[in-house]
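These notes are about the structure you will find just below.
Chain identifiers are assigned alphabetically (A, B, ...) following the order of the sequence lines, protein sequences preceding nucleic acid strands; residue numbering begins at 1 within each chain. Not measured: the values here are computed from a predicted model.
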Number of protein chains: 2
Amino acid sequence: MIKLGKLTDYAIVVLTQLSQESDGARSAPQLAEKTGIPEPTVAKVLKTLAREKLVESLRGAAGGYRLAKRAQDMSLCEVIEAVEGPIAITSCVTEAPEPCGAEGRCPSRGKWDPVNRAIRLALQELKLSDMASRGCGAPAQRLIQVTMPRALEEGRAK
Amino acid sequence: MIKLGKLTDYAIVVLTQLSQESDGARSAPQLAEKTGIPEPTVAKVLKTLAREKLVESLRGAAGGYRLAKRAQDMSLCEVIEAVEGPIAITSCVTEAPEPCGAEGRCPSRGKWDPVNRAIRLALQELKLSDMASRGCGAPAQRLIQVTMPRALEEGRAK
DNA sequence: CCAAAGAGTACTAAAACCGTCCTGATTTAT
DNA sequence: ATAAATCAGGACGGTTTTAGTACTCTTTGG
């Protein structure tokens, strides 16, 4: 199972919520209340997203955050990379300067590239706005309760 | 960073090694020596692979393992699913009977499907034999030393 | 009948991740 | 000018996940 961390999930929820607000900034505490995610965690996620330029932050008394671009222009690829780092299916494949040990080039180097490319491509086509459109009436708030019932993953071991 | 576990890496290394042996079974200790992976771990991986029918096991004094199919017919998708469980990019998306909480359907349910499909497709096209073909002279043994210098992942946080 | 090998399970140790808190910087309002 | 609200950045502890190991049982060839 290839899995995303909880924080990434939170990021998507928060960004989705942000995209549904009428213009203007929303503070971390506000977003925490609307999404049901604990406030310190929301703050942490937003700080990361601000550092990666996915949201703009406004400091000061009436400060807050707002999306740095339109929801339909923000791909999940960006979001995931912002939170989790570069997307690649192995650790070794990233563009590190001199990643692999001393002598001898890694035989599997580059073999994963097609896979990584496919993942990124699919992720780039999925936009934040796609996550918002929902067929049922559940508010984003429910999303957080509903995501990641981690216990159920255990079923895979059979 | 979407990542594969170490065990999956080991599985690929061991299977690759197995594919390069002339016909006949190889025991876990033999494979451990050839790959440089600790013997108990090799044994563990092989047991998993045998359970998932990717290798055939021969018990008894002269027993061992051999590939259940040709290397060019074995996709990485199979290998990964054997070790890690079903491939999906979120935890929630698996085919669990009643995964999500009580009332209200999960808004993001199904949104990830195109991504998951793309990943699986790419993974199905990559065969075990592709991993074996190497442009340099490094034996598979080196692969294990070379994969996953986990420390380097830290660089991503910047 | 014994030795070698796989099967299955359970346990321990290490690593990653999540969540929280604390301190400092910035801006608005009074 | 001061106070309040808010973001920025880093540090820390606990929980969960994963990796690695050990033990016992079964199978099979000599």
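Within the structure, every side-chain polar atom (N or O) of B/Thr41 is placed at least 4.0 Å from both OP1 and OP2 of D/dA19. For C/dC17, the OP1/OP2 oxygens have no side-chain nitrogen or oxygen of A/Tyr10 closer than 4.0 Å.
In this entry the distance linking CG of B/Leu46 with P of D/dG20 reads 14 Å, nearest Å. Note: CZ (A/Arg26) to P (D/dC7) measures 12 Å, nearest angstrom. Note: CG (B/Leu49) to P (C/dG6) measures 13 Å, nearest angstrom. Look at NZ on B/Lys3: it is 14 Å from P on C/dA15, rounded to the nearest Å. The NZ atom of B/Lys53 sits 17 Å away from the P atom of C/dG6 (whole-angstrom rounding). Atom CD of B/Glu39 and atom C1' of D/dA19 are 16 Å apart (whole Å). The CD atom of B/Glu33 sits 12 Å away from the P atom of C/dA5 (whole-angstrom rounding). At whole-Å resolution of the value, CG in A/Leu4 and C1' in D/dT17 are 16 Å apart.
Using a 4.0 Å heavy-atom criterion, one finds that B/Leu7 contacts the sugar-phosphate atoms exclusively. Within 4.0 Å of A/Ala28, counting heavy atoms only, lie sugar-phosphate atoms of the nucleic acid but no base atom.
With B/Glu78 contributing its side chain and B/Ser75 its backbone, the two residues share a donor-acceptor pair below 3.5 Å. A donor-acceptor pair under 3.5 Å is absent between the side-chain atoms of A/Thr41 and the main chain of A/Ile37, judged by distance alone.
Heavy atoms only, all atoms of each residue included: A/Ala11 and A/Leu49 are closest at CB-CD1, 4.2 Å.
The side chain of B/Pro40 lies closest to D/dT21 when the candidates are C/dG6, D/dC7, D/dT21. Out of C/dC18, D/dT6, D/dT21, the shortest distance to the side chain of B/Lys44 is found at D/dT21. Picking from C/dG8, C/dG6, D/dA8 the nucleotide with the shortest atom distance to the side chain of A/Ala50 gives D/dA8.
A donor N or O paired with an acceptor N or O is found under 3.5 Å between the base of D/dG9 and the side-chain atoms of A/Lys47. Between the side chain of A/Lys6 and the base of C/dG19, no donor-acceptor pair of N or O atoms lies under 3.5 Å.
Within the model, atoms CD of A/Glu21 and CZ of A/Arg26 stand 4.0 Å from one another, a figure rounded to the nearest 0.5 Å. Separating the CE atom in B/Met131 from the CG atom in B/Leu15 is a distance of 11.0 Å, to the nearest 0.5 Å.
Contacts between residues 54-63 of chain A and DNA chain D, defined by a heavy-atom separation under 4.0 Å, are made by A/Ser57, A/Leu58, A/Arg59, A/Gly60, A/Ala61, A/Gly63.
Counting only N and O atoms by type, the side chains of B/Glu84 and B/Thr8 include a donor and acceptor under 3.5 Å apart.
A/Ile87 and A/Val79 fall within the same hydrophobic cluster, where Ile, Leu, Val, Met, Phe, Trp and Tyr residues are linked whenever their side-chain heavy atoms come under 4.5 Å apart, directly or through other members.
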